[in-house]
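Contents: one structure, followed by commentary.
Every chain is numbered from 1, with letters handed out A, B, ... down the list of sequences.
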2 protein chains.
Amino acid sequence: MVMKDGAVAPLQSDSPEPLWQQAARAITREIAAAKLSSGSRLPPERDLLTRLSISRVTLRKALHSLVNSGVLVSSHGRGWYVATEAHQEFPQTLESFSETAARLGLVPSSDVLRAQEAPATLDEAEELSVAPGSPVFHLERIRRLDGVPVAVDISYFSAIRGLDVSAIDFKTASLFRLLIDAGFDLARADSTIEARAADFTLARHLGIEVGMPVLAMWQLIEDGNGRPVCSSTITYAGDRYRLRTSFSRIGKNTAQG
Amino acid sequence: MVMKDGAVAPLQSDSPEPLWQQAARAITREIAAAKLSSGSRLPPERDLLTRLSISRVTLRKALHSLVNSGVLVSSHGRGWYVATEAHQEFPQTLESFSETAARLGLVPSSDVLRAQEAPATLDEAEELSVAPGSPVFHLERIRRLDGVPVAVDISYFSAIRGLDVSAIDFKTASLFRLLIDAGFDLARADSTIEARAADFTLARHLGIEVGMPVLAMWQLIEDGNGRPVCSSTITYAGDRYRLRTSFSRIGKNTAQG
DNA sequence: TCTCAATACCAGTTATGACAAGATATATTT
DNA sequence: AAATATATCTTGTCATAACTGGTATTGAGA
């Protein structure tokens with residue numbers, strides 16, 4: 001750990017430049033000057049704020065601005081780290097909708113089309129390994145980025161006893177978070193991805209023309225024991241979204257001919 | 001019993017990734033590398049924690065996350081065991097073209113459109129991290145299943161010295177196998193997937209109409225050091241192919257918005 | 001209203017230690 | 001030889017405590 005005490009130039013409050021911007025530049029300078037290599041940890045916030053003589057809100061505003069510009073990454077409970085190329089790599093799992101939104105600096109939102117319990121059809125029952133007719137909760141949403149409709153998400157899962165799903169506002173709530181909090185271990189997701197042409201309903205929801213290409217991803221999410229927990233189908237407007245992920249261990253044995 | 005003492009890579013605090021997640025990955029790697037067969041026992045916790053230089057809570061958090069993802073099972077008073085008949089393969093690899101063919105009982109084949117060396121353009125050079133103008137081998141193929149054109153594969157990689165690629169018959173040969181045999185270890189592939197409309201050339205090659213939806217997957221394949229080895233773009237006819245893969249959520253509570 | 005400060009509190013990450021409880025080999029007793 | 005006790009492995013659980021960043025509230029001042 002570097003960054004000596006005296007090395008910090010005092011910030012000027014009479015400058016027209018906001019304090020947090022000055023702080024951000026000061027931190028950037030420190031990183032360069034102290035030659036903090038990529039991946040190394042910064043001093044904790046409580047150290048930095050005394051050193052820079054600013055409040056925590058201001059400091060964090062500076063730090064977040066550096067995250068936004070790709071200089072730093074934060075790790076809850078561990079600290080602030082100088083960004084590495086490794087962290088600009090693609091995620092191991094599929095990048096989630098909100099993660100993508102965060103990366104692009106856009107605001108995610110949802111229109112709820114359907115949020116109700118219904119008896120499981122034969123297909124649904126088979127998919128979720130439950131008895132046909134047993135209660136299944138259906139959630140259909142239009143996902144937006146900065147207000148622009150990007151995808152239609154149709155998910156369903158076996159109804160959770162003792163949980164009043166009708167009280168949840170799915171405009172903002174996260175389905176994954178809901179399932180995790182309900183005690184499900186989301187361990188794996190078998191995924192199928194294909195390109196289709198938008199049908200009438202989809203086109204209307206996404207504000208595109210019928211026949212335009214869309215990217216449909218169907219995921220069956222399972223817990224650690226391989227029991228299906230949730231079926232999720234997300235259909236993206238082809239020209240408004242890209243899936244990004246990272247596959248590992250390509251060349252084990254399998255030749256991709 | 002495997003897992004030799006020196007075999008464990010030290011965990012680094014110079015990473016924003018929590019120690020317990022690093023530990024979980026390290027153990028997973030050990031299991032795969034040492035080929036600990038299903039049902040075999042892991043070293044006791046007290047061994048592992050000294051070897052990994054972490055505390056017991058941290059180690060147990062890692063172990064539990066692996067139980068959660070179906071890799072391990074624990075037995076009170078006995079030890080930790082590799083899960084019997086691991087639920088599918090945890091490596092998140094795409095089902096390859098030939099694997100898909102085998103699963104469906106179809107015969108894969110290829111038409112070679114282009115197989116030649118050429119100087120790297122600026123874009124190609126940047127992608128592969130080589131000097132512009134350096135020799136790059138280009139391979140373009142139409143992939144067929146039972147004779148039906150399913151995808152167009154456009155790949156290129158830095159030319160391999162001492163290898164006469166012109167002697168290889170890419171109608172049957174596997175590009176991945178070629179790269180592996182040439183000494184590259186294909187460790188990761190950063191992938192971007194999107195739905196597009198077929199342009200004229202693509203439509204002609206695939207025997208579909210212009211504007212029909214196609215699934216385009218671009219992969220930058222890297223070796224263990226993160227150096228790019230090969231760029232591959234496969235464009236599938238939307239109604240003739242589906243990508244299938246499996247994502248695992250190791251130590252995840254991340255909300256998907 | 002915006003910036004900034006001060007404060008309190010929540011949540012995630014590690015470490016340390018002590019003790020309970022299941023499993024098993026070994027010594028001891030019957 | 002068989003049954004029993006015991007020592008010693010193992011994992012399971014709990015509490016404590018010290019860090020870390022994340023969030024919310026309140027209020028002062030321009």
ring-ring contact (aromatic ring centres under 6.0 Å, His included) partners of A/His76, counting only residues at least two apart: none
Atom-to-atom span, OH of A/Tyr81 to C1' of C/dG12 - whole angstrom: 12 Å
Other residues, nucleotides, ligands: >12 heavy atoms within 6.0 Å of A/Gln116 CD: yes
For B/Trp80, ring-ring contact (aromatic ring centres under 6.0 Å, His included) partners two or more places apart: B/His64
Nearest heavy atoms of B/Leu42 and B/Leu48, plus distance in Å: CD2-CD1, 4.3 Å
For atom CG of B/Leu59 and atom C1' of C/dT13, their distance in whole Å: 15 Å
Ring pair (Phe, Tyr, Trp, His ring centres under 6.0 Å) pairs, two or more places apart, involving residues 42-63 of chain A: none
Side chain to side chain donor-acceptor pair (under 3.5 Å) evaluation trace for B/Asp14 with A/Ser40: CA-CA 5 Å; B/Asp14 261 11; A/Ser40 61; 5.5 Å; no
Span of DNA chain D, from the first to the last nucleotide whose atoms fall under 4.0 Å of chain B heavy atoms: D/dT10 to D/dT13
Letter per nucleotide, 5' to 3', of nucleotides 14-26 of chain C [B base touched, S only sugar-phosphate touched, - untouched; heavy atoms, 4.0 Å]: SBB-B--BBSS--
Length of the line joining A/Arg60:CZ and C/dT7:C1', which is rounded to integer Å: 15 Å
Set of residues satisfying ring-ring contact (aromatic ring centres under 6.0 Å, His included) with respect to A/His138, sequence neighbours excluded: A/Tyr156
Reference residue A/Trp218; test side chain to side chain donor-acceptor pair (under 3.5 Å); the match among A/Ser232, A/Ser191, A/Ser231: A/Ser231
